[in-house]
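Source: prediction; values computed, not measured. Nothing fancy with the numbering, it's 1 onward along the sequence.
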Amino acid sequence: MLLCLSYSKQATLRSKAMKIIRQLIKNDPENMLQDSEIQAILKLRITDVSSITRESALDILFKNIDNLVGIPNSGPILLDYMNMVIERA
């Protein structure tokens with residue numbers, strides 16, 4: 001269901017998917033931030049045509065960088081997220 005929402009043509013549904021992802025990460029940051037599907041969705045949504053969806057995805061990344069730093073062996077994932085932000089800039 002989350003995948004369907006995050007790839008919807010409707011910006012409101014994509015934005016809602018970002019809210020769900022935010023909550024999933026809040027509940028289990030270690031596993032969710034390392035999940036390849038979550039990473040793919042965030043990478044796609046930081047370049048979304050909808051400014052609300054883009055801002056939501058960037059907000060998720062910025063608010064969770066500290067969580068990644070505390071995870072052992074998270075260097076490559078942290079670099080991936082940082083590259084997403086740099087590419088967006």
Side-chain angles (χ1 to χ4, degrees):
M1 173 107 168
L2 177 61
L3 289 176
C4 293
L5 288 176
S6 61
Y7 293 104
S8 172
K9 292 181 180 182
Q10 295 181 10
T12 54
L13 293 179
R14 293 191 309 271
S15 181
K16 288 180 190 233
M18 291 296 96
K19 289 179 184 179
I20 293 168
I21 288 172
R22 178 182 288 116
Q23 192 60 43
L24 288 171
I25 291 172
K26 184 178 178 181
N27 292 337
D28 187 7
E30 188 168 331
N31 289 320
M32 291 294 106
L33 288 169
Q34 296 182 76
D35 185 274
S36 61
E37 289 181 21
I38 298 291
Q39 291 174 9
I41 291 168
L42 288 172
K43 185 173 187 172
L44 185 62
R45 292 302 145 222
I46 62 172
T47 59
D48 199 276
V49 294
S50 164
S51 61
I52 294 170
T53 304
R54 274 193 319 268
E55 288 176 18
S56 182
L58 288 168
D59 185 59
I60 290 168
L61 289 176
F62 288 130
K63 288 187 176 177
N64 288 287
I65 286 175
D66 287 344
N67 289 329
L68 273 174
V69 171
I71 299 172
N73 303 315
S74 65
I77 295 168
L78 184 57
L79 284 176
D80 287 344
Y81 281 125
M82 297 302 281
N83 284 331
M84 287 180 202
V85 174
I86 292 168
E87 289 173 9
R88 172 65 186 111

Could you tabulate the donor-acceptor pairs under 3.5 Å formed by side-chain atoms of residues 19-29, not counting sequence neighbours?
unit_1	atom_1	unit_2	atom_2	d
Arg22	NH2	Ser56	OG	3.3
Arg22	NH2	Asp59	OD2	3.2
Gln23	NE2	Asn27	OD1	3.3
Asn27	ND2	Gln23	O	3.4
Asp28	OD1	Asn31	ND2	3.4
Asp28	OD2	Asn31	ND2	2.9

Distance-minimising heavy-atom pair for Met18 and Leu42: SD-CD2, 4.2 Å
Table please: side-chain donor-acceptor pairs of residues 1-11 below 3.5 Å, with sequence neighbours left out.
unit_1	atom_1	unit_2	atom_2	d
Ser6	OG	Leu2	O	3.2
Ser6	OG	Leu3	O	3.0
Ser8	OG	Gln10	N	3.0

Spacing of Gln34 atom CD and Ile77 atom CD1 [to the nearest 0.5 Å]: 4.0 Å
side-chain hydrogen bond (donor to acceptor under 3.5 Å, both in side chains) partners for Ser50, two or more places apart: Thr53
Reported CD1-to-CD1 distance for the pair Ile41 and Ile46, which is rounded to 0.5 angstrom: 13.0 Å
Salt bridge (Lys or Arg N to Asp or Glu O under 4.0 Å): pairs with one or both residues in residues 29-50, sequence neighbours excluded: Arg14-Asp48, Arg45-Asp48
Ile65 reachable from Leu79 in the ILVMFWY side-chain graph, under 4.5 Å edges: no
Verify same cluster id: Ile52, Phe62 (apolar side-chain graph, 4.5 Å): no
side-chain contact (heavy atoms from CB on, under 4.5 Å) partners of Ser36, counting only residues at least two apart: none
Hydrophobic cluster identity match, Leu44 and Met82, side-chain contacts under 4.5 Å: yes
